[in-house]
**Q** 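Encoded as structure tokens, here's the structure I'll be asking about.
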Amino acid sequence: MVSGFIKDSFEHLLKVLSSDRFLNKQGLGNEVPFFIFPFPPEFSNKVSKMGKQLMGKLKNMGIDVLKINLYDLSVELLEKRGIWQKLIEIEKDTTKEKFKEILQGPLDIENHLIPAIAEKMKRQDFDLMFITGVGEVFPYIRSHTVLNNLQSTADEKPTVMFFPGEFIHSPEKGASLELFGRLHDDNYYRAFNIAEYKV
């Protein structure tokens, strides 16, 4: 089951991500070029490997991917502030709520995370962006909040968020992200399910 899902997903994503229609943001009806790739959380390691292979294959086709891993970026921001080691020391004796509170300032999405992503976007020429590490940063960073705040910064090139869970769309409720298939991560109406994208 895992290998079938990974093989089919790899083939589909490669076909979509290398297409002119996708790269030129066609058929989006003026919506931001944000896409969700939902996958079963238990396949996370395999999907991570698949993402690397995809990037390599796309690179060989002349398509450059900027990968933003939210966990790595968070560590980078905390190290810059000189508090990463301290946080590791206090984590075991701190409640989750308190720890979340401590991280709210240095990992504030609007003031720190999005500007850091914008900086990486400036430093690299790329054709599309991958956002990974969504599960690792929950609940300190929520995927829908990242997407909402990224809209004004990353609307030039397509962005694909690798999401360990379900992307549910219904006419009554619109779209919602269900992290790990269990945790409702709020409504996000403006992204497309890349698994359903046709070229």
Side-chain angles (χ1 to χ4, degrees), residues 9-10 13-14 16-18 22-23 25 28 31-39 41 43-59 61-81 83-84 87 100 103-165 167 177 179-180 185-186 188 190-195 197:
S9 296
F10 181 86
L13 286 171
L14 185 62
V16 169
L17 300 177
S18 61
F22 177 83
L23 292 169
K25 305 181 295 183
L28 300 182
E31 283 292 345
V32 286
F34 286 0
F35 298 84
I36 305 289
F37 172 62
F39 62 89
F43 295 178
S44 289
N45 288 340
K46 298 279 186 189
V47 168
S48 178
K49 283 179 189 164
M50 180 192 76
K52 286 176 191 162
Q53 288 170 338
L54 260 179
M55 286 175 69
K57 196 86 169 163
L58 289 165
K59 179 87 176 161
M61 297 166 88
I63 299 162
D64 289 314
V65 179
L66 170 62
K67 180 183 166 191
I68 304 287
N69 180 297
L70 295 176
Y71 178 81
D72 291 345
L73 183 59
S74 299
V75 172
E76 199 179 297
L77 288 170
L78 295 169
E79 282 179 334
K80 268 187 190 167
R81 296 283 287 269
I83 57 174
W84 172 242
L87 286 168
K100 187 178 170 187
L103 289 175
Q104 266 169 352
L107 294 183
D108 181 83
I109 289 185
E110 204 175 330
N111 296 317
H112 299 297
L113 200 77
I114 299 301
I117 293 174
E119 188 56 40
K120 288 183 184 293
M121 289 169 68
K122 266 190 228 163
R123 277 194 249 133
Q124 183 180 324
D125 283 332
F126 64 98
D127 300 294
L128 65 138
M129 181 160 69
F130 284 177
I131 295 181
T132 65
V134 169
E136 290 91 326
V137 294
F138 180 87
Y140 312 112
I141 295 168
R142 306 291 289 263
S143 47
H144 72 278
T145 316
V146 172
L147 292 172
N148 276 325
N149 283 278
L150 205 52
Q151 283 172 187
S152 56
T153 307
D155 59 352
E156 293 294 311
K157 306 280 174 74
T159 294
V160 181
M161 178 178 274
F162 287 73
F163 188 79
F167 183 46
L177 299 168
L179 192 66
F180 309 131
D185 201 25
D186 216 347
Y188 185 76
R190 303 191 67 183
F192 301 90
N193 186 342
I194 201 163
Y197 190 92

**Q** If you take all heavy atoms of Leu77 and Ala116, which pair is closest and at what distance?
**A**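 Closest approach of Leu77 to Ala116, heavy atoms only: CD2-CB, 3.9 Å.
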**Q** As an exercise, state the distance from OG of Ser143 to CZ of Phe163, rounded to the nearest 0.5 Å.
**A** 4.5 Å
**Q** Hey, which of Thr159, Val134, Ile109 is the one that makes side chain to side chain contact (heavy atoms under 4.5 Å, CB included) with Val146?
**A**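 Answer to the side chain to side chain contact (heavy atoms under 4.5 Å, CB included) test with Val146 among Thr159, Val134, Ile109: Ile109.
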**Q** Which distance, rounded to the nearest 0.5 Å, do you find between the CG of Leu66 and the NZ of Lys120?
**A**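 Spacing of CG (Leu66) from NZ (Lys120) equals 8.0 Å.
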**Q** So Phe35 and Leu17, side chain to side chain contact (heavy atoms under 4.5 Å, CB included) or not? Walk me through it.
**A** CA-CA 11 Å; Phe35 298 84; Leu17 300 177; over 6 Å; no
**Q** With distance as the sole test, does Ser74 use its side chain to make a donor-acceptor pair with the main-chain N or O of Leu70 at under 3.5 Å?
**A**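 Here the side-chain-to-backbone pair exists.
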**Q** Nearest 0.5 Å, please: how far is CD1 in Ile36 from CZ in Phe162?
**A**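 Phe162 atom CZ to Ile36 atom CD1 measures 11.0 Å (nearest 0.5 Å).
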**Q** Grab the two heavy atoms, one from Asn149 and one from Thr153, that are nearest each other, plus how far apart they are.
**A**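 Shortest heavy-atom contact: O-OG1, 4.1 Å.
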**Q** Show your working on side chain to side chain contact (heavy atoms under 4.5 Å, CB included) between Ser9 and Phe37 and close with a plain yes or no.
**A** CA-CA 9 Å; Ser9 296; Phe37 172 62; 3.7 Å; yes
**Q** Above 12 or not: heavy atoms from other molecules or residues under 6.0 Å from CD of Glu119?
**A**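 Counting other residues, nucleotides and ligands, CD of Glu119 exceeds 12 neighbours.
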**Q** Which label fits Trp84 and Tyr71: parallel for a plane angle under 30°, tilted from 30 to 60°, or perpendicular past 60°?
**A** perpendicular
**Q** Step by step, work out the side chain to side chain contact (heavy atoms under 4.5 Å, CB included) result for His112 and Lys80.
**A** CA-CA 11 Å; His112 299 297; Lys80 268 187 190 167; over 6 Å; no
**Q** Identify which one of Asp108, Leu78, Ile141 satisfies the side chain to side chain contact (heavy atoms under 4.5 Å, CB included) criterion when paired with Leu103.
**A**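 Only match with Leu103 under side chain to side chain contact (heavy atoms under 4.5 Å, CB included): Leu78.
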**Q** Show the nearest heavy-atom pair for residues Met129 and Ile68, with the distance to one decimal.
**A**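 Minimum heavy-atom contact is SD-CG1, 3.8 Å.
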**Q** Looking only at heavy atoms, which two atoms of Ala154 and Phe34 are closest? And how far apart?
**A** O-CE1, 3.2 Å
**Q** Is it true that a side-chain atom of Lys59 and a backbone atom of Val65 form a donor plus acceptor pair closer than 3.5 Å?
**A** no
**Q** Using every non-hydrogen atom in the two residues, find where Lys25 and Pro158 come nearest and quote the distance to one decimal.
**A**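 Looks like CG-CG, 4.2 Å.
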**Q** Do any N or O atoms from the side chain of Lys67 and from the backbone of Lys52 form a donor-acceptor pair under 3.5 angstrom?
**A**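 Looks like no, no N/O pair under 3.5 Å.
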**Q** Can you confirm whether or not the ring centre of Phe192 sits under 6.0 Å from the ring centre of Tyr197?
**A** no
**Q** Would you name the heavy atoms of Leu23 and Asp127 that are closest together and state the gap between them?
**A** CD2-O, 4.1 Å
**Q** As a quick check of understanding, evaluate side chain to side chain contact (heavy atoms under 4.5 Å, CB included) for Met50 and Phe39, giving each step before the final call.
**A** CA-CA 12 Å; Met50 180 192 76; Phe39 62 89; over 6 Å; no
**Q** Does atom NZ (Lys157) have a neighbourhood of more than 12 heavy atoms from anything else shown, all under 6.0 Å?
**A**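 More than 12 heavy atoms, drawn from other residues, nucleotides or ligands, come within 6.0 Å of this atom.
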